[in-house]
Amino acid sequence: MALLSILCFPDPRLHKLAKPVADVDARVRRLVADMLETMYAAKGIGLAATQVDVHERVIVIDVSDERDQPQVFINPQLVWTSEQTHLNEEGCLSVPGIYDGVQRFDAVTVKALDVDGGERVVEATDLLSVCLQHEMDHLLGKVFVEYLSPLKRSRIKKKMLKAQREDAS
């Protein structure tokens, strides 16, 4: 396993559309293992392959208190959403230190493949529902700050670019 570099907003690669995984093979399983290691090391609860500059439809999530229940979603599809939504404070490993409110469905049903290529259907509520929606947005090339006002997004972009310049020097 290896730690992967996480792309930071406003990197244009975060806006690439992820392609479906054709075959869940050893390469994809290695990617999943590396993504899980990266997510845990970064103290995140979810990570999409797009965030590590791999533009395939792969997500890893662990919303458990003990951080010992990893979930893998390959080629996830949103098959149902509740009518009810709520405003949830979100953060993102690609936008470190920034948190803001995003309107999300209260509950979702997602169909995906697991790490062995088997089909799974997950009915999610609460934090898992929010996390799935957030990570699936990444696969569509969308970062959560794009839900915010243009003024907030502009301020976040300036802050992130300044932090990146400081890190580089």
Side-chain angles (χ1 to χ4, degrees), residues 1-81 88-99 102 104-105 107-147 160 164 167:
M1 294 195 306
L3 285 178
L4 305 170
S5 294
I6 298 173
L7 300 176
C8 283
F9 180 80
D11 192 308
R13 293 172 291 180
L14 287 169
H15 300 293
K16 284 187 175 180
L17 188 63
K19 297 194 174 1
V21 172
D23 186 34
V24 181
D25 56 13
R27 179 192 63 82
V28 172
R29 285 189 283 280
R30 186 171 46 257
L31 171 64
V32 166
D34 291 347
M35 287 174 62
L36 284 166
E37 183 178 356
T38 302
M39 177 189 74
Y40 288 129
K43 305 210 180 325
I45 60 170
L47 187 67
T50 301
Q51 294 175 271
V52 293
D53 202 21
V54 176
H55 302 284
E56 294 182 82
R57 297 184 57 77
V58 178
I59 292 171
V60 296
I61 292 175
D62 188 343
V63 294
S64 67
D65 290 338
E66 300 300 318
R67 314 288 290 130
D68 61 354
Q69 297 174 35
Q71 297 189 57
V72 177
F73 298 86
I74 298 170
N75 296 338
Q77 298 175 323
L78 201 57
V79 295
W80 176 84
T81 61
N88 186 74
E89 179 138 311
E90 293 185 25
C92 181
L93 293 176
S94 290
V95 194
I98 304 294
Y99 299 88
V102 177
R104 299 283 188 190
F105 295 108
V108 297
T109 301
V110 173
K111 183 170 82 169
L113 300 177
D114 63 21
V115 74
D116 297 315
E119 188 173 290
R120 64 184 299 210
V121 177
V122 175
E123 295 177 5
T125 58
D126 304 319
L127 185 56
L128 180 57
S129 172
V130 170
C131 194
L132 278 164
Q133 292 171 76
H134 177 107
E135 299 307 335
M136 287 177 74
D137 274 353
H138 278 298
L139 300 180
L140 298 172
K142 189 167 188 172
V143 181
F144 90 97
V145 296
E146 293 172 54
Y147 287 102
M160 296 300 298
Q164 290 168 22
D167 287 347

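- Heavy atoms from other residues, nucleotides or ligands lying under 6.0 Å from NZ of Lys111 number 12 at most.
- In this structure, the side chain of Asp137 does not engage the main chain of Val143 through any donor-acceptor pair within 3.5 Å.
- Side-chain contact check for Gln133 versus Glu90: every heavy-atom pair is 4.5 Å or farther apart.
- Shown here is Glu123, whose CD atom has no more than 12 heavy atoms of other residues, nucleotides or ligands within 6.0 Å.
- One finds the CD1 atom of Ile59 at 9.5 Å from the CG atom of Leu47 (value rounded to the nearest 0.5 Å).
- Judged by distance alone, the side chain of Asp62 and the main-chain N or O of Ser64 form a donor-acceptor pair under 3.5 Å.
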Side-chain donor-acceptor pairs under 3.5 Å in residues 73-80, sequence neighbours left out?
| unit_1 | atom_1 | unit_2 | atom_2 | d |
| --- | --- | --- | --- | --- |
| Asn75 | OD1 | Val21 | N | 2.7 |
| Asn75 | ND2 | Val21 | O | 3.0 |

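- Annotation: side chain of Val108 is in contact with side chain of Thr81 (closest heavy-atom distance under 4.5 Å).
- Contact record, Met160 with Cys8: CE-CB, 4.3 Å, taken as the closest heavy-atom pair.
- Under a 3.5 Å cut-off, the side chain of Ser94 and the backbone N or O of Gln51 do not form any donor-acceptor pair.
- Remark: side-chain polar atoms of Glu89 are not paired, donor with acceptor, to backbone N or O of Tyr99 under 3.5 angstrom.
- When side chains are defined from C-beta on, Val121 counts as touching Thr109, because their heavy atoms get closer than 4.5 Å.
- Distance check: Lys142 NZ to His134 NE2 gives 12.0 Å after rounding to the nearest 0.5 Å.
- Residues meeting the side chain to side chain donor-acceptor pair (under 3.5 Å) test with Asp114, sequence neighbours left out: none.
- Side-chain atoms of Glu37 come within 3.5 Å of backbone N or O of Ala2 as a donor-acceptor pair.
- To the nearest 0.5 Å, atom OG1 of residue Thr38 and atom CD1 of residue Ile6 are 6.0 Å apart.
- Here Leu3 contributes atom CG and Met35 contributes atom CE; the two are 13.0 Å apart, rounded to the nearest 0.5 Å.
- No side-chain donor-acceptor contact under 3.5 Å links Asp116 to the backbone of Gly118.
- The shortest heavy-atom contact between Ala124 and Ser129 is O-CB, 3.6 Å.
- The shortest non-hydrogen separation linking Leu139 to Ala49 is CD2-N, 4.5 Å.
- Scanning all heavy atoms of the two residues, the minimum distance from Leu93 to Ala42 falls at CD2-O, 3.6 Å.
- In this structure, the side chains of His55 and Leu17 stay at 4.5 Å or more apart for every pair of heavy atoms.
- Here the CD atom belonging to Gln164 is positioned 7.5 Å from the CG atom belonging to Asp11, to the nearest 0.5 angstrom.
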Derivation of the side-chain contact (heavy atoms from CB on, under 4.5 Å) call for Val52 and Asp34 = CA-CA 10 Å; Val52 293; Asp34 291 347; over 6 Å; no
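- Side chains of Met39 and Pro70 form no contact here, defined as non-hydrogen atoms less than 4.5 Å apart.
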Verdict with reasoning, Val28 to Asp23, per side-chain contact (heavy atoms from CB on, under 4.5 Å) = CA-CA 8 Å; Val28 172; Asp23 186 34; over 6 Å; no
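- Atom OG1 of Thr50 sits about 11.5 Å away from atom CZ of Arg13, to the nearest 0.5 Å.
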